[in-house]
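Numbers here are sequence positions counted from 1.
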Amino acid sequence: MNHDIDTYDLFRRYEGQSWRLCDLPWDRLDPSKAKPEYVRLARSAIMGECNSIAAQHGFLNESPTDYAFGAFASLWGFEELRHHYAFRAWVERLGHPVDDLPVAASRPPYPAGRTVLATIATNIISELTVFRVYRDLADAVEEPVLAEIMRRASADEGRHASAFTDFARRRLAAHPEELGSLLETLYFYVADTGKTIKHPVSVFKSRELGAGSTETIDDGFDYFLSRGSGAEQLRSKIYSVFSALSGFTLDSPKSVRRALAEVLAS
């Protein structure tokens, strides 16, 4: 079975769905509707999205011979950087400068995953999470330009999640021995039912930024949760995607542990 991915087709589709910062409706920017919590929310997105450079470094180095994944990672990195600058432009047009030091502090690459599949799986969770957060908050915020940025970013993140899932499926078909790492990754990020889904930026970058020194991606998640939004729906979606990838029915930490034990015993 051929599990290759047509990256030329992927490139053409991404090119056709691309947008530019100048396409945003800046003439509709309404400072009177830019609540302080919206500024904090945008700042958290700035910090979450700037980490794409650190992640892209890892993608290219962990899969140095995989042209298709490297090509996708390059497209992904550009779009994630666009999100960073879109949120940054919104904040700065409102007269709130952005400190470059925390952004620079996030530059070091992420540690390599235990397997390539574990790295890809981490990013499936990341993309599904921000897709849901941006989509829900786009409907909640009253400032029209910020809402439009979130709608566009959410659409991008949804496509990213789909592509990472395709690459995970491709990787697993070629390296079935990495299935255990897929399940381990899922368990790490969703096992704590008392919290929302962990995000790799929060897990790996909070120490570099320094607690309380600036807004982080966690501030955006906290705002998402404070509105009673769909944390459980997000968790269910992640379980559904990983169930389809793994062939196991995954709907709880217990089910993930059971599947992992079965894989390790085989």
Side-chain angles (χ1 to χ4, degrees), residues 1 3 5 48 51 55 58-59 62-63 66 68-69 72-73 76 110-136 154-204 217-218 220-222 224-225 228-266:
M1 182 179 294
H3 297 286
I5 293 175
N51 286 269
F59 294 151
E62 287 184 55
S63 303
D66 189 339
F69 188 60
F72 164 68
W76 173 88
Y110 286 94
R114 190 168 75 80
T115 66
V116 172
L117 183 59
T119 295
I120 297 173
T122 297
N123 284 274
I124 294 172
I125 295 171
S126 169
E127 301 295 335
L128 288 173
T129 300
V130 289
F131 161 74
R132 178 76 193 213
V133 171
Y134 286 156
R135 190 193 71 179
D136 284 13
S154 176
D156 289 346
E157 307 292 14
R159 287 188 287 105
H160 298 167
S162 178
F164 275 117
T165 301
D166 287 343
F167 277 104
R169 188 176 297 110
R170 169 181 178 263
R171 179 72 187 184
L172 188 56
H175 296 273
E177 72 279 3
E178 294 186 5
L179 176 57
S181 69
L182 178 89
L183 297 169
E184 288 172 345
T185 301
L186 174 64
Y187 187 78
F188 176 78
Y189 283 101
V190 305
D192 188 348
T193 56
K195 297 181 180 179
T196 189
I197 310 301
K198 294 178 183 178
H199 191 282
V201 173
S202 176
V203 171
F204 293 106
I217 196 168
D218 287 333
F221 289 158
D222 289 344
F224 167 71
L225 293 174
S229 299
E232 285 311 308
Q233 290 89 339
L234 169 60
R235 196 183 300 272
S236 294
K237 177 61 177 177
I238 291 172
Y239 278 134
S240 175
V241 169
F242 277 73
S243 294
L245 282 171
S246 68
F248 290 98
T249 299
L250 306 171
D251 54 16
S252 67
K254 183 178 180 179
S255 68
V256 181
R257 290 196 304 271
R258 186 184 305 116
L260 183 57
E262 183 175 332
V263 169
L264 294 177
S266 62

Check: Do the rings of F69 and F167 sit parallel, tilted or perpendicular, given the 30° and 60° boundaries?
Finding: perpendicular
Check: What pairs with D66 under salt bridge (Lys or Arg N to Asp or Glu O under 4.0 Å), at least two apart in sequence or on another chain?
Finding: R170
Next item on the list: For S63 and V116, work out which heavy atoms get closest and say how close.
Entry: OG-CG1, 3.6 Å
Note to self: Could you report the tightest heavy-atom contact between S181 and T115, atom names first, then the distance?
What the structure shows: OG-OG1, 2.6 Å
Notebook entry, point to check: If you look at every heavy atom in S255 and T249, which pair is closest and at what distance?
Noted result: CB-O, 3.7 Å
Notebook entry, point to check: Are any non-hydrogen side-chain atoms of L245 and I124 less than 4.5 angstrom apart?
Noted result: yes
Check: Any side-chain heavy atom of N51 sitting closer than 4.5 Å to one from Y110?
Finding: yes
Next item on the list: Please find out if less than 6.0 Å separates the ring center of F248 from that of F242.
Entry: no
Checklist line | Summary of salt bridge (Lys or Arg N to Asp or Glu O under 4.0 Å) pairs that have at least one residue in residues 239-256, sequence neighbours excluded | finding: none
Next item on the list: Give, for atom CD1 of I120 and atom CZ of R171, the distance between the pair rounded to the nearest 0.5 Å.
Entry: 7.0 Å
Next item on the list: Take L182 and L186, measure what side chain to side chain contact (heavy atoms under 4.5 Å, CB included) needs, and give me the verdict at the end.
Entry: CA-CA 6 Å; L182 178 89; L186 174 64; over 6 Å; no
Note to self: Check whether E178 reaches the backbone of L117 with its side chain - one donor and one acceptor, N or O, closer than 3.5 Å.
What the structure shows: yes
Check: Hey, mind stepping through L234 and F131 against side chain to side chain contact (heavy atoms under 4.5 Å, CB included) and telling me if it holds?
Finding: CA-CA 9 Å; L234 169 60; F131 161 74; over 6 Å; no
Checklist line | Shortest non-hydrogen separation from E62 to P111 and the atoms involved | finding: OE2-O, 4.4 Å
Check: Nearest 0.5 Å, what's the CZ-OG distance between R235 and S252?
Finding: 10.5 Å
Check: When E184 is tested against each of L179, L260, V256 for side chain to side chain contact (heavy atoms under 4.5 Å, CB included), which residue passes?
Finding: L260
Next item on the list: Please examine the side chains of I238 and T129, heavy atoms only from C-beta on, and report whether any two atoms are closer than 4.5 Å.
Entry: yes
Item checked: Nearest heavy atoms of T119 and N123, plus distance in Å -> O-ND2, 2.9 Å
Next item on the list: Could you check if a side-chain atom of E127 sits within less than 4.5 angstrom of a side-chain atom of W76, using non-hydrogen atoms only?
Entry: yes
Next item on the list: Just jot down the salt bridge (Lys or Arg N to Asp or Glu O under 4.0 Å) partners of R135, sequence neighbours excluded, or say none.
Entry: none
Next item on the list: Check T165 against A161 and note the closest heavy-atom contact, atom names and distance.
Entry: OG1-O, 2.7 Å
Notebook entry, point to check: What distance separates F164 CZ from I125 CD1, expressed to the nearest 0.5 Å?
Noted result: 12.0 Å
